[in-house]
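Contents: one structure, followed by commentary.
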Amino acid sequence: MIDAASSFVLNRRAALSLTTALVGAMAVPRVARAVAPSTSARVETLIAQMTVEEKVGQLTLYPDDVRPTPRPINPDINAQAEARNRAAFQFAEIKSGRVGALLGGTGVALGRQLQDAALQSRLRIPLMFGADVLHGLRTIFPIPLGLAASFEPELAEQTARAAAEEMTAAGVHWTYAPMVDVARDQRWGRVAEGSGEDPWLAAQFAAAYVRGFQGKALTSPRSVAACPKHFAGYGAVSGGKEYNNTDVTERELRQTHLPSFQAAFDAGALTTMAAFNDIDGVPASGSRHLLTDVLRGDMGFRGFVVSDAGSAEELVQHGVAANEREAAALSFNAGLDMNMGGGLFKRELPPLISSGAVTTARLDEAVRRILLVKEALGLFDDPYRSLDPARERTGIRTPAALAVTRRAAQRSVVLLKNEGGVLPLRDGAKVALVGPLGDDPAQLDGAWAPWAKVGEGVTLAQGLREAIGTDRLMVVKGADVDAPIPGGLDAAIAAARTADVVIAAIGEAQSMSGEARSRTSIIVPSSQVALIEALRTTGKPVIAVLSTGRALALAPAIQAVDAILVGWFLGSEGGRALADLLTGVVGPSGRLPVSFPRTTGQQPLFYNHMSTGRPPVAGEPLFFKSTYIDVPDGPAYPFGHGLTYSTIAYDAPRASAAQMAWDGSIKLSAMVRNTGRRNAEEVVQLYLHDVTASVTRPVRELKDVRKIRLAPGEAKQVTFEVSRDMLTFVGSDLKWRAEPGAFLAWIAPSSAVGEPVRFTLNAAS
Ligand code: BGC
C-alpha cells in the first residue's frame, strides 16, 4: 500500500532523477546511488599482470554448458557448439582463464565446481553467473507487464527482492533484468517483459526492480547485480516486429525511452545490455554515440555494457560490418565491454590489438569495468558467495516468496467491466469454469520462466476448488487456445446451463508473448470467441478472465460479457489470487499500464501521444479529423483504467494557486469518494499537459499516483505537489527544459476521463 507520504518521496525522487536524466539545462542534484568504485588497487594489479588472452577472457560471456537452462531460451549462440563434450570443454576454458562469466546456469554443486575451475586459473579471477530472471526463478511472479498494472513500484521491489533471495540460493550473481523498454506497439511480444507504455511509470518500476534485486549492499550473498535492458529504443521496433529496425528521433529517444534507464542507473544498476535494433541506421550494439556519448557522457553510467545474445556478431547481418573482425572492432570501440554469445571478442580482439585497430587502453578499460563489478559483488573476497548448499536446500519456493507472489498477483489483476455487479461471486453460487486456460498448469507463468516446474503453479481451477469446494464447481475446457475441440461447445453449454455463473478462462497461450512472439493480430483466437458466443446463448452471466502478455483487441462478443478481469500471466500463485478476487476476499486494485485497442490496426496506440493539428472533438463531426474512418477514435479501455467492486467519484481538481513561481510549487487536490457499498482501493492519477511549448507535447502525461483505500461512504482529499521538474521535456536542442506558460492538470481514475484545472508556470523573475 502506498501511503501519501512515502509515495510522495518516491515520486519526487524519481521526478528528480528524470530531470537530471540527460544533459540538463537545469542543474538538479543527482540522487545518491550505490556506485562501484571507479578504481581499485586490486583490479589494477590484476590488469597489470593479465595477458591479452586473459583480458579477452574476462570480456567473454558464454551460455553455461555445464548447467544448461532446463528449457532453451535462445538459439544456440555458443562458439563451442561443435565441441564433443561441451561441459568438459567449458571447464578447460575456464581453467585457462578464457571465460569471464556464464549465462543461464543455476545450481550450487556444479556452480562451486565451476568456480573451483576459475580459481585454478593463473590469476584466480572468479566467474560471474548471470541468468534471465525477470519475474522469478522457481517462484514465479506476475509478468512485469502485469505487475506494472498494480501501479505500485513497491511491489516490484518486493518481488525482485524475493527473486534475488531465490537466485542467490541457486548460485546466481547477476540478472538480465529489469527489462525497461517502453513499449507502445502491442504487436511486439516483448511488451510482456516491461512496464508498459508510459515513461514515468516505467521509470518508477525500473528503479524499484533494481533496488529489490540489489538489496542494501551488492556485496551481500543475497543480492544480485541488475542489468536494465535493452539499451536503447528496442521498445520502438517498427511494426512491433521482433528484432526489427527502429526509427525514433534522438529527441523522442531521450524523452520516452531513456528515462527508465536513467532511473535504473540512479538506483544503482552497474550493468546494461545493448539492444539488437538499429536507430537511425546505426545498430545500438555498434553505436559509439549511444554506448559512450549518451550512456556515459550524458547519463553518467559507470558500469559495463554487455551485448545482447550475438548482437555484436549481428553487425554483419545488419550490413555495417563486412565480417566478424569488423563487427568486433566496431562494437568494442563503440563501448560494448562484454560479448554475450559466440566468443567474438575472444577470437577477434587479439588480432585487432596487434594491428592497432583496438588500443590496449580500450581493452584495459573494458576489463576494468567488468572486474570492478565483480569486486562490487564481493566475488574476489568470497568467490563462493551465493553458492551455499544449505541455502539452496531451504531457499527455493519458500513460503515467504509464495506469499509475495500471491499478493503481487492479487494486486496485478485489472477489472475492466462489471455489469450489474456480477462480481464478486455470490456465496453459494454454482460455477462453471470454462475455457482452455482454466486448468492448464503449463499456461501460468508467462514469458520468462525457463526454470519453473510445470505442476508447481496453481491453476484457476485449483484456486477455485480450494476457495469454493468441488461441489459447486464444474470445469470444462470447451476449446483449445487456437482450435475447436470436438464436442467442446456442447459440453461448455451443458455446464453453463447447470451453473449460476460462468467463468471463461480465455486469452493468449503463454507462448504467444515474450521474445520472438510478435503477432500481426492481437486478438483472442477465434476458437475462444466461438466459445464465448456459445456461452452467451445460455443467458447465464459470463465473467471472462483473460490470460495475456499484451493489450488485446477484444472481439465484440468478449466485450459484451458481464465482467472482464485481466489476469495477465500471474505465476505460481495465480489461481489462488484470481480465486481471492472472484470471491471478493480481496478487491481488484490494478489499472491498465497499456491501452487496450479496439482493433489491431490502431497500433501503436498509446494515451500519451503528441497533440495533432486536428484532434477529434467529442460531439463534433469526425470528418477531416485525426481519426480512422472505420473505428471510433481511441482505445476500448484506456491506460489507467480499472474498476473496484465499489463505485468511486471524483470532484473536480483544485489548484492551490493559479500561478506557479519558476522556483516554486503548487498543490493540486481533489476529493475522491467511495459512493458504493464495498471497500475499495483506488489508484488516483495525476496527469499534466503543457498547453503551449516550443515543440508539440503529449495530450496528457502521467506524473504521479496515489493508491488509497476507501471504506463505503468515505471521502479522502488527495493532494499532489507539482514543481517545475515535473513540467520538463526534451527541447529541440535535446536538453531537458521547462517553459513558462499554461498547463492543464487532471486528477482522474484513468487517462481518458476527468475535468482539468489550469495553472500557469511563471517565468523566472
Ligand atoms: C534477449 C535478452 C536476454 C538474452 C539472454 C536475448 O535474446 O534479447 O533479453 O537477456 O537473450 O538470454
Side-chain angles (χ1 to χ4, degrees), residues 60-65 67-79 100-106 128-137 143-145 163 167 172-183 188-195 206 209 213 224-237 240-246 257 260-261 264 269 271-278 283-285 304-315 317-318 331 336-344 446-452 511 513-518 549:
T60 299
L61 168 64
Y62 275 144
D64 193 325
D65 280 342
R67 305 170 300 167
T69 41
R71 289 198 289 279
I73 50 174
N74 256 310
D76 195 342
I77 45 165
N78 196 328
L102 293 176
L103 145 78
T106 59
M128 184 163 67
F129 298 129
D132 283 283
V133 178
L134 282 95
H135 54 105
L137 185 77
I143 56 167
L145 186 64
M167 274 185 262
V172 176
H173 305 131
W174 179 32
T175 180
Y176 305 114
M179 193 284 223
V180 302
D181 297 325
V182 170
W188 193 44
R190 303 197 79 167
V191 167
E193 297 175 37
S195 298
Y209 278 114
F213 286 133
V224 291
C227 182
K229 64 188 188 185
H230 306 82
F231 196 81
Y234 190 27
V237 280
K241 189 163 79 168
E242 185 64 301
Y243 312 129
N244 205 7
N245 310 97
T246 294
H257 300 279
S260 51
F261 284 93
T271 77
T272 190
M273 187 183 292
F276 285 124
N277 56 281
D278 70 341
S285 295
F304 74 81
V305 185
V306 61
S307 73
D308 203 337
S311 68
E313 289 85 338
E314 287 171 19
L315 298 185
Q317 296 302 321
H318 273 290
S331 57
L336 198 69
D337 300 305
M338 183 185 272
N339 173 246
M340 179 199 292
L344 179 78
W448 272 111
W451 296 274
S511 59
S513 62
E515 184 172 353
R517 311 284 175 182
S518 293

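Please read all numbers here as calculations on a predicted model, not as lab measurements. Counting starts at 1 for both ligands and their atoms, in listed order.
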Which word best sums up how the rings of W188 and Y234 line up, parallel for under 30°, tilted for 30 to 60°, or perpendicular for over 60°? perpendicular
Which label fits F231 and F261: parallel for a plane angle under 30°, tilted from 30 to 60°, or perpendicular past 60°? perpendicular
Going by the atom numbers of ligand 1, which of them fall below 4.0 Å from some non-hydrogen atom of [X]?
{"X": "D132", "answer": "3 (C), 5 (C), 10 (O), 12 (O)"}
{"X": "M273", "answer": "2 (C), 10 (O)"}
{"X": "I73", "answer": "12 (O)"}
{"X": "Y176", "answer": "10 (O)"}

Output, in order, the C-alpha distance, side-chain angles, deciding distance and verdict of side chain to side chain contact (heavy atoms under 4.5 Å, CB included) for E515 and N74. CA-CA 9 Å; E515 184 172 353; N74 256 310; 4.2 Å; yes
So for E242 against ligand 1, with non-hydrogen atoms under 4.0 Å, the contacting part is neither
Under 3.5 Å, N or O to N or O, is [X] touching ligand 1 that way?
{"X": "K229", "value": "yes"}
{"X": "R190", "value": "yes"}
{"X": "Y243", "value": "no"}
{"X": "H230", "value": "yes"}

Return the minimal non-hydrogen interatomic distance between A206 and P178, and the atom names on each side. O-CG, 4.0 Å
Does V306 offer a backbone N or O that forms a donor-acceptor pair with the side chain of D337 under 3.5 Å? no
Take every heavy atom of M340, measure it against each atom of ligand 1, and state whether any distance is under 4.0 Å. yes
Specify the protein heavy atom at minimum distance from atom 2 (C) of ligand 1: its residue, its atom name, and the distance to 0.1 Å. D308 OD1, 3.2 Å
